[in-house]
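Below, all heavy atoms of this structure are taken into account, side chains as well, without hydrogens, waters or symmetry copies.
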Amino acid sequence: MGKSNKSFWMTPQGLVALLFISFPTYLLFIEHREHIFQFLPYLILLLCPLMHIFMHGGHGHHHSTDHDSSHDSFKEETNKNEAYRDGYIEGLKAGREERTDKEKDNAR
């Protein structure tokens with residue numbers, strides 16, 4: 001039979017861990033509420049980098065050795081999209097013209 005993938009928090013060890021986490025948290029909020037609210041702005045600021053570290057896991061940085069055919073190269077993508085290619089070429093031409101105009105102004 002296949003083994004089901006249960007979450008850690010639903011295992012007996014996870015439930016005990018939740019109990020050990022929840023009891024001190026409850027006491028902190030009941031007995032030391034003033035101290036927690038005093039440092040709340042700093043805790044919120046600390047939460048920002050922690051969220052940044054732990055929540056950026058799914059940006060597609062998988063390091064597989066096989067090349068997926070769904071990911072085309074930049075050249076292949078521009079060849080497929082004619083409007084993008086035309087706009088890219090026009091932008092290159094405009095940049096070259098601007099550069100030559102600046103060079104002419106500097107030469108004077």
Mind checking the CD-CZ spacing from Glu34 to Phe37? Nearest 0.5 Å is all I need. 8.5 Å
Return a table of donor-acceptor pairs under 3.5 angstrom between the side chains of residues 38-47 and protein atoms on other chains or two or more places apart.
none

Name every donor-acceptor pair, under 3.5 Å, that has one atom in a side chain of residues 16-30 and the other anywhere in the protein, sequence neighbours excluded.
unit_1 : atom_1 : unit_2 : atom_2 : d
Ser22  : OG     : Leu18  : O      : 2.9
Ser22  : OG     : Leu19  : O      : 3.2
Thr25  : OG1    : Ile21  : O      : 2.6

Mind checking side-chain contact (heavy atoms from CB on, under 4.5 Å) for Tyr84 and listing every partner two or more places apart, or none if nothing turns up? Phe74, Thr78, Asn81
With salt bridge (Lys or Arg N to Asp or Glu O under 4.0 Å) as the rule and sequence neighbours excluded, what pairs involving residues 87-99 come up? Glu98-Lys102
Of all residues at least two apart in sequence or in a different chain, which pass the side-chain contact (heavy atoms from CB on, under 4.5 Å) check with Asp86? Glu82
If you group Ile, Leu, Val, Met, Phe, Trp and Tyr whenever their side-chain heavy atoms sit less than 4.5 Å apart, what else falls in with Leu92? Tyr88
